[in-house]
Amino acid sequence: MTQSGSERDDTVNDIVEENAHAIGQLIEMLENLPGNLYRRSFGQCKQHVIGKHVRHIIDHYSALLSATASPGALLDYENRNRDLSLETDRRAGANRLSEILRTLRSRFSADHFDGLAMLHTSDEQGQVVKTSVDRELVFLASHTIHHMAIIGMLAEQAGVEVGAEFGVHPSTLRYLQRQARGMAESA
């Protein structure tokens, strides 16, 4: 199935906005999160840290934005920047997420190149695979929401109230809405 240019632009805009919605929720949460909680270690091995999840999310978006900054660049999620200041400073994390949000909207709201190559490493062997901007934006939305679910659980463990939709994938929200409508119609 092929799409016309305007249909494809609408699809990309929808995918960008799905990412923007998740990033916006995360920024809002970070603005209200105590700074010490952002750096606090959770779990028996003390390896679960909200700031690390935020930095990880940022690294993945940064990889896509770097690869799409110039045609022919290679997307590489494995060799990420890993700016450790983003793990310890929640304001720096929120600011970087805001920058990413602005760049996503400006770069992908208009015509953009779709062809993209990604380096995938398996068993220490790197291979280049074909992908697309659309596909990677879909991946990043799911990836972000997955990590937000973990962030939400960590925050709740520390007594922070987290919204019911935080870290919940849009497909799950749509499913729950259909279920609620079905129950209301059968009542």
Side-chain angles (χ1 to χ4, degrees), residues 3 7-31 48-84 86-87 90 92-122 126-155 162-163 165-175:
Q3 295 177 312
E7 288 174 334
R8 193 178 168 306
D9 288 345
D10 289 344
T11 300
V12 172
N13 286 337
D14 290 347
I15 299 168
V16 167
E17 287 309 309
E18 188 172 280
N19 280 272
H21 180 73
I23 292 170
Q25 284 184 317
L26 184 54
I27 291 168
E28 183 179 334
M29 186 224 206
L30 293 179
E31 289 172 347
H48 304 289
V49 180
I50 291 172
K52 286 184 180 186
H53 285 280
V54 171
R55 192 257 320 139
H56 181 78
I57 291 167
I58 290 169
D59 285 351
H60 277 72
Y61 279 105
S62 296
L64 177 66
L65 293 175
S66 177
T68 57
S70 58
L74 196 60
L75 174 59
D76 186 354
Y77 289 125
E78 188 162 320
N79 293 305
R80 300 183 307 272
N81 185 22
R82 293 179 170 88
D83 180 351
L84 299 182
L86 298 173
E87 292 184 12
R90 89 181 148 78
N95 290 340
R96 184 70 59 86
L97 286 166
S98 294
E99 291 170 19
I100 287 168
L101 184 54
R102 284 189 298 275
T103 305
L104 283 174
R105 284 183 166 146
S106 65
R107 184 168 302 166
F108 302 125
S109 64
D111 289 337
H112 67 280
F113 59 95
D114 188 47
L116 192 59
M118 178 177 78
L119 179 63
H120 175 72
T121 304
S122 180
Q127 63 189 89
V128 176
V129 296
K130 292 180 183 178
T131 188
S132 68
V133 170
D134 302 7
R135 164 66 186 93
E136 295 310 314
L137 286 170
V138 168
F139 160 71
L140 287 173
S142 289
H143 177 261
T144 299
I145 292 164
H146 164 77
H147 282 277
M148 287 171 58
I150 297 168
I151 289 167
M153 286 190 309
L154 296 175
V162 177
E165 293 186 6
F166 186 88
V168 180
H169 197 277
S171 64
T172 302
L173 295 173
R174 288 189 294 271
Y175 170 78

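Quick caveat, the model's predicted, so the values are computed rather than measured.
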Check whether any side-chain heavy atom of [X] sits under 4.5 Å from a side-chain heavy atom of [Y], and report yes or no.
{"X": "D134", "Y": "F108", "result": "no"}
{"X": "L64", "Y": "L137", "result": "yes"}
{"X": "E136", "Y": "T68", "result": "no"}
{"X": "M29", "Y": "V162", "result": "yes"}

Criterion side chain to side chain contact (heavy atoms under 4.5 Å, CB included) on V12 and V133, from CA distance to verdict: CA-CA 9 Å; V12 172; V133 170; 5.5 Å; no
Above 12 or not: heavy atoms from other molecules or residues under 6.0 Å from CZ of F139?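 Yes, the 6.0 Å shell around CZ holds more than 12 heavy atoms from other groups.
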Let me confirm one number: the [atom1]-[atom2] distance from [X] to [Y], rounded to the nearest 0.5 Å.
{"X": "R55", "Y": "L84", "atom1": "CZ", "atom2": "CG", "answer": "6.5 Å"}
{"X": "S98", "Y": "E31", "atom1": "OG", "atom2": "CD", "answer": "6.5 Å"}
{"X": "S142", "Y": "E18", "atom1": "OG", "atom2": "CD", "answer": "7.0 Å"}
{"X": "T131", "Y": "L119", "atom1": "OG1", "atom2": "CG", "answer": "12.5 Å"}
{"X": "R96", "Y": "L30", "atom1": "CZ", "atom2": "CG", "answer": "13.5 Å"}
{"X": "H120", "Y": "D76", "atom1": "NE2", "atom2": "CG", "answer": "11.0 Å"}

Could you tell me whether the side chains of T103 and Y61 share a donor-acceptor contact shorter than 3.5 Å?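 No, Y61 and T103 have no side-chain donor paired with an acceptor closer than 3.5 Å.
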Measure across [X] and [Y] and return the closest heavy-atom pair with its distance rounded to 0.1 Å.
{"X": "L104", "Y": "I23", "answer": "CD1-CD1, 3.8 Å"}
{"X": "H56", "Y": "H60", "answer": "O-ND1, 3.0 Å"}
{"X": "V168", "Y": "L173", "answer": "CG1-CD2, 3.7 Å"}
{"X": "L74", "Y": "A117", "answer": "CD1-O, 3.5 Å"}
{"X": "I145", "Y": "A22", "answer": "CG1-CB, 4.0 Å"}
{"X": "A69", "Y": "R107", "answer": "N-NH1, 3.6 Å"}

Start with the C-alpha distance between R105 and E17, add both sets of side-chain angles, then the distance that settles salt bridge (charged side-chain N to carboxylate O under 4.0 Å, His left out), and finish with yes or no. CA-CA 8 Å; R105 284 183 166 146; E17 287 309 309; 2.8 Å; yes
List the residues meeting ring pair (Phe, Tyr, Trp, His ring centres under 6.0 Å) with F166, not counting sequence neighbours, and say none if there are none.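 Listed in chain order: nothing, the list is empty.
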Report the residue from L97, N81, T144, L26 that forms a side chain to side chain contact (heavy atoms under 4.5 Å, CB included) with I58.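 Single side chain to side chain contact (heavy atoms under 4.5 Å, CB included) partner of I58 among L97, N81, T144, L26: L97.
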Test your reading of the model: is there a side-chain donor-acceptor pair from S70 to the backbone of A73, 3.5 Å cut-off?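 Checked: no pair found.
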Listed partners of S62 passing side chain to side chain donor-acceptor pair (under 3.5 Å), at least two apart: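 Residues passing side chain to side chain donor-acceptor pair (under 3.5 Å) with S62: none at all.
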Residue list, salt bridge (charged side-chain N to carboxylate O under 4.0 Å, His left out) with E165, at least two apart or on another chain: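 Checked E165 against salt bridge (charged side-chain N to carboxylate O under 4.0 Å, His left out); zero matches.
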